[in-house]
Amino acid sequence: MMNCPSLISRVILSGLFVLVLAGSAHALPRIQLLATGGTIAGAQADTKQSGYKAGSFSIEYLINAVPQLKTIAELSGEQIVNIGSQDMSDAVWLKLAGRVNQLLGQPDVDGVVITHGTDTMEETAYFLNLVVKSDKPVVMVGSMRPATAISADGPMNLYNGVAVAAHPDARGRGVLVVLNDEIHYAREVQKQNSTQLDTFKSLNRGRAGVVNTGAPVFFSKPVPRHTASSEFSVEGVAALPRVEIFYAHANMGGEFIDSAVKSGVKGIVLAGVGDGNATTPALEALSKAAKAGVAVVRSTRTGSGVVARNVEVNDDRMGFVASMELNPQKARVLLMLGLMKTGDPKQLQGFFVEY
Ligand code: GLU
């Protein structure tokens, strides 16, 4: 004979299960938007392409400009700063990293989308790629045309960015940059053109994927360490070590390198010619800096390629670190974080191989 109370409870339980399933099938991913300014929030006096002010519109304006966002994610927004990204600073990076980590630690947040100017987006993306402690998606979006321009690219970039952040395949890939229907890894992406829409390229290892009207397709996974598997943390950190970049050119002297050392810089990145090279006086000044305890990393101004140890320049003898695949601006980010752990060139070199 059937036990009635147990039958009733089974019916109630299976009803609840169906309800939960139905609920989860319709629940949209919860994405938090963090706005920092840039052209995506920029306004023009008229619709000509020149003469606009980055960081004019608020996060609410950006969300309201794309009503379709409500169909792909449950969104909430927050303004971190409203600046052109040429003014991005260590202080904003630390604030942003703290907020992203806090949000991703909450069970009710599935991913974060950051709006940002394109000028320094690759630096912010790589910084967060090294200090965010979560596998949840973090996507950065921007635009090349201001919000008020003819055929502004911001709305579609924002829509695609939210769609990528809401997609399960975006997990565990580190920080992503979405623009012009392309998805890029933070470590690989570089701004390559001053004004064109297809400015972002990943010249060494290629794009992470593509996104067509909200439908992402990912290619290969990133190999170097990032986010949850990174050993770097800025929790409780108030300031980052000062690292400057020196751009190599014909007839480069060593005197500005000497004055950087005198001014107390902790690290120098050489945006070297070719394979991370520079004039004899510049290399001598850099070697003197390294011997005085300043970390010196050789990168290249060419825009792509690998700067490996001891090829054209004797790193062992001069006390240098080779940047491997990192361009000068990203080498600077890794060096700042590396210097918070060690000043030893050998250990620093290890970071440039792993990250
Ligand atoms: N210089 C501005 C910035 O990076 C405008 C460039 C842009 O956002 O595309 O914020």
Side-chain angles (χ1 to χ4, degrees), residues 33-63 65-66 77-97 99-100 112-129 138-162 164-165 175-184 186 188-203 207 211 245 247 271 303 327-330 332-333:
L33 278 175
L34 300 180
T36 70
T39 296
I40 192 166
Q44 290 173 299
D46 58 45
T47 49
K48 283 190 308 211
Q49 285 304 303
S50 60
Y52 70 94
K53 190 175 176 307
S56 303
F57 293 120
S58 67
I59 182 70
E60 288 78 24
Y61 179 95
L62 299 184
I63 295 175
V66 193
E78 196 175 313
Q79 196 82 42
I80 298 290
V81 281
N82 208 355
I83 57 174
S85 75
Q86 64 277 7
D87 280 325
M88 194 46 66
S89 63
D90 294 1
V92 177
W93 278 355
L94 292 170
K95 181 177 177 188
L96 195 54
R99 189 65 185 130
V100 172
V112 165
V113 171
I114 301 166
T115 59
H116 195 289
T118 56
D119 289 356
T120 59
M121 189 185 288
E122 66 194 85
E123 294 169 55
T124 304
Y126 188 54
F127 177 74
L128 294 175
N129 199 49
V138 177
V139 175
M140 299 194 61
V141 297
S143 75
M144 291 303 286
R145 292 178 181 152
T148 51
I150 297 170
S151 193
D153 54 331
M156 181 55 94
N157 289 341
L158 182 60
Y159 181 78
N160 279 337
V162 171
V164 168
V175 176
L176 299 168
V177 167
V178 172
L179 241 103
N180 198 41
D181 296 356
E182 297 185 334
I183 312 167
H184 294 266
E188 309 305 322
V189 70
Q190 305 190 44
K191 188 172 184 178
Q192 289 276 305
N193 188 289
S194 52
T195 55
Q196 300 295 113
L197 298 192
D198 65 343
T199 183
F200 281 106
K201 306 276 180 221
S202 293
L203 292 173
R207 291 176 298 194
V211 49
I245 299 175
Y247 198 94
N327 69 17
Q329 53 273 33
K330 288 190 203 188
R332 177 179 166 274
V333 170

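As a basis for the values below, the full set of heavy atoms in this structure was taken, side chains included, without hydrogen atoms, waters or symmetry mates. Indexing begins at 1, ligand by ligand and atom by atom, following the structure's order. Position 1 is the first residue of the sequence; numbering continues from there.
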Asks: What about S85: any of its N or O atoms under 3.5 Å from an N or O on ligand 1?
Replies: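 Looking only at distances, the answer is yes, because the N/O contact criterion of under 3.5 Å is met.
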
Asks: Starting from atom 2 (C) of ligand 1, find the nearest protein heavy-atom neighbour and note its residue, name and distance.
Replies: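 Of the protein heavy atoms, Q86 OE1, 3.2 Å lies nearest.
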
Asks: Any idea which protein heavy atom is nearest atom 9 (O) of ligand 1, and the distance to it?
Replies: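 For atom 9 (O) of ligand 1, the nearest protein heavy atom is T118 OG1, 2.4 Å.
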
Asks: Without swapping roles, check the side chain of D153 against the backbone of M144 for a donor-acceptor pair under 3.5 Å.
Replies: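 Yes.
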
Asks: Can you confirm, on distance only, whether ligand 1 has an N/O atom lying under 3.5 Å from any N/O atom belonging to H116?
Replies: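 Not met; the criterion fails.
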
Asks: So is G42 touching ligand 1 or not, going by heavy atoms under 4.0 Å?
Replies: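 Distance cut 4.0 Å: G42 fails for ligand 1.
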
Asks: Provide the closest heavy-atom pair for N157 versus V178 in the form atom of the first, atom of the second, distance.
Replies: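 Closest approach of N157 to V178: O-CG1, 4.2 Å.
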
Asks: So does D119 get a backbone contact from the side chain of Q86, meaning a donor-acceptor N/O pair under 3.5 Å?
Replies: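 Judged by distance alone, no pair lies under 3.5 Å.
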
Asks: Out of all atoms in ligand 1, which are within 4.0 Å of some heavy atom of G38? Include the element for each.
Replies: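 What qualifies from ligand 1 is 8 (O), 10 (O).
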
Asks: Among all protein non-hydrogen atoms, which one is nearest to atom 6 (C) of ligand 1, and what is the separation to 0.1 Å?
Replies: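 In this structure, atom 6 (C) of ligand 1 has T39 OG1, 3.1 Å as its nearest protein heavy atom.
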
Asks: Which of the numbered atoms in ligand 1 are below 4.0 angstrom from a heavy atom of G117?
Replies: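 That gives atoms 3 (C), 4 (O), 8 (O), 10 (O) of ligand 1.
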
Asks: For I114, run the side chain to side chain contact (heavy atoms under 4.5 Å, CB included) check against L33, V175, T36 and tell me which one passes.
Replies: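 Testing I114 for a side chain to side chain contact (heavy atoms under 4.5 Å, CB included) against L33, V175, T36 leaves exactly one candidate, T36.
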
Asks: Using modelled atom types only, decide if a donor and an acceptor are shared between the side chain of K95 and the backbone of I80 within a distance under 3.5 Å.
Replies: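 Flag set: sc K95 to bb I80 pair under 3.5 Å.
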
Asks: Return yes if some donor-acceptor pair links the side-chain N/O of E122 with the main-chain N/O of Q190 below 3.5 Å, else return no.
Replies: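 Checked: no pair found.
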
Asks: Could you tell me whether the side chains of D181 and N160 share a donor-acceptor contact shorter than 3.5 Å?
Replies: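 Yes - a donor-acceptor pair under 3.5 Å links their side chains.
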
Asks: Do any nitrogen or oxygen atoms of S143 lie less than 3.5 angstrom from nitrogen or oxygen atoms of ligand 1?
Replies: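 Between S143 and ligand 1, an N or O pair is found under 3.5 Å apart.
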
Asks: Could you identify the single nearest non-hydrogen protein atom to atom 1 (N) of ligand 1 and state the distance to 0.1 Å?
Replies: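 Going atom by atom, the protein heavy atom closest to atom 1 (N) of ligand 1 ends up being D119 OD2, 2.5 Å.
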
